[in-house]
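Residue indices begin at 1 and follow the sequence shown. Computed over heavy atoms, backbone and side chain alike; hydrogens, waters and symmetry mates excluded.
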Amino acid sequence: MSWLDHDSYIEICPPEPFDFSECLVFLARSDQEVSHRIKGDHLYKLIKLDDELVLLKIGMKQKMLNVEFLGKPPSSSIRKKATAYVWDWFDFDSNLGEFYDFAARDKVLKPLIDNFYGLRIMGISDLFEAIAWAITGQQINLTFAYTLKKRFAYQYGESLTFENESYWLFPSYEKIAGLDVEDLRALQFSVRKAEYIIEVAKTLAQGQWTRNTLLAKIDDDEIRNLLMSIRGIGAWTADLVMMRCLHRVNAFPFADVGLHNALKIHLGLARKPSIVEVKEMTATWDGWYAYATFYLWRLLYEHHA
């Protein structure tokens, strides 16, 4: 982790290749997003470190990622943890150059890395948020999923107001573990999703496993099976969590509708490919499924723009 501490702000030296503006395109995919906010070429994010709410303003300045602390500068310990948070969020530990070397030899992936050079997988560092967000998005369109997320955060998340604007945290599993299904039904979650999200919160509240215990595991199948042991988490949800939260480069949500749409557009197909066809056409991507999927998703925002 390469960074400089200036008390009221930090500078992070991002590993190459990296394009902040490309990452902003992904983060700006919904104007209903509540977990962060984009204003111009700056990204605002509320995080919680050591029980302290910390509001970050992130931008690029002379090839450095500039992270400003809005309000009172936090302690040096929290500044260091904020650096680690941003480093993790932008997936700076992944060797994007290796993916590009691989993708440059693949006729499907090469145009994507040329078009979206420097894009990194934007993560979800909180395990409960990653799981609950994936469950929320099951079998509904993205617009309604963001509406539910916003209601959920406004009702049960913490917030901080700075210069007359409020910024929100995704609700904690501790808070949600104490809810009844009807509490989430009131926000228009389905009965099933409400049950699943509360059950996930209760499971995490028991403390038997955390993001760190999952990160420490080496085997993808072991992680996937552990996640799928919780009611409401199927293979698609598990792979989304492994990809966005646990940095597993081979996580592959092959049943993802967005992935199928992107392949149809990218390859000029008359119809969306079947799951069998998706597995066949992506068989050579073993080792880089997560990044290949993320770049195909990026194509969808380009197509709808």
Side-chain angles (χ1 to χ4, degrees), residues 1-6 9-30 33 35-47 54-70 79-106 108-126 130 215 240 242-252 262 266 285 287-302 305:
M1 218 164 54
S2 176
W3 65 293
L4 299 169
D5 188 348
H6 302 280
Y9 70 99
I10 52 178
E11 289 182 299
I12 298 174
C13 182
E16 293 291 342
F18 172 63
D19 187 331
F20 181 63
S21 60
E22 270 299 337
C23 295
L24 284 187
V25 171
F26 177 80
L27 292 172
R29 65 199 185 281
S30 172
E33 177 62 74
S35 291
H36 57 261
R37 188 171 304 159
I38 295 168
K39 290 193 264 183
D41 53 3
H42 283 88
L43 171 62
Y44 294 75
K45 175 78 170 173
L46 181 65
I47 60 176
V54 181
L55 182 59
L56 309 177
K57 178 185 178 182
I58 306 170
M60 280 300 285
K61 199 172 182 181
Q62 297 169 335
K63 296 194 173 180
M64 297 289 276
L65 200 61
N66 191 281
V67 182
E68 187 182 344
F69 298 104
L70 299 181
R79 294 197 299 272
K80 187 174 182 179
K81 287 179 180 178
T83 304
Y85 181 95
V86 173
W87 190 273
D88 180 78
W89 190 22
F90 283 88
D91 196 30
F92 284 155
D93 275 334
S94 282
N95 190 330
L96 201 53
E98 284 185 5
F99 170 60
Y100 284 0
D101 290 344
F102 164 78
R105 301 189 298 272
D106 185 282
V108 176
L109 297 178
K110 187 175 187 310
L112 297 175
I113 63 169
D114 291 342
N115 289 339
F116 311 132
Y117 189 81
L119 173 67
R120 288 177 174 268
I121 292 179
M122 295 307 304
I124 300 174
S125 297
D126 181 75
L215 285 171
L240 281 185
M242 289 167 66
M243 177 182 176
R244 299 285 308 280
C245 185
L246 304 175
H247 305 295
R248 306 305 291 200
V249 292
N250 223 22
F252 186 40
H266 187 48
W285 298 353
W288 289 108
Y289 279 125
Y291 260 95
T293 300
F294 201 73
Y295 271 61
L296 280 161
W297 285 346
R298 172 63 179 85
L299 183 79
L300 292 177
Y301 310 125
E302 193 75 5

Enter the distance from [X]:[atom1] to [Y]:[atom2] here, rounded to the nearest 0.5 Å.
X	Y	atom1	atom2	answer
D88	H247	CG	NE2	3.5 Å
L24	H42	CG	NE2	9.5 Å
M1	I12	CE	CD1	7.5 Å
H36	L27	NE2	CG	4.0 Å
E11	T83	CD	OG1	11.0 Å
I121	M243	CD1	CE	4.5 Å

Among N115, L119, T293, L112, which residue meets the side chain to side chain contact (heavy atoms under 4.5 Å, CB included) test with R298? L119

Under 6.0 Å between the ring centres of F294 and F26? yes

Polar side-chain atom of [X] near backbone of [Y] as donor-acceptor pair, under 3.5 Å:
X	Y	result
E68	L70	no
N66	M60	no
R244	M122	yes

Determine the minimum heavy-atom distance between [X] and [Y], stating which atoms define it.
X	Y	answer
P14	L65	CD-N, 4.1 Å
F69	A82	CE2-CB, 3.7 Å
I124	A130	CG2-N, 3.6 Å
G287	N250	N-OD1, 2.5 Å
L109	A103	CB-CB, 3.8 Å

Around K61, counting heavy atoms of other residues, nucleotides and ligands shown, do more than 12 lie under 6.0 Å from its NZ? no

Identify, with sequence neighbours excluded, every residue that meets side chain to side chain contact (heavy atoms under 4.5 Å, CB included) alongside P17. L96, Y100, Y117, R120

Give me the ring orientation class for [X] and [Y]: parallel if the planes are under 30° apart, tilted from 30 to 60°, perpendicular past 60°.
X	Y	value
F20	F90	tilted
Y295	F116	tilted
W288	Y291	perpendicular

Are the side chains of W285 and V108 in touch, meaning some heavy atoms are under 4.5 Å apart? yes

Taking the side chain as C-beta and beyond, is there a heavy-atom pair between M64 and L4 under 4.5 Å? yes

Would you sort out whether C13 and K63 count as a side chain to side chain contact (heavy atoms under 4.5 Å, CB included), showing the intermediate values? CA-CA 7 Å; C13 182; K63 296 194 173 180; over 6 Å; no

Go through it in stages, so that I can follow the logic: the residues are L56 and W89, the test is side chain to side chain contact (heavy atoms under 4.5 Å, CB included), and I'd like the CA-CA distance, side-chain angles, deciding distance and then a yes or no. CA-CA 13 Å; L56 309 177; W89 190 22; 5.9 Å; no

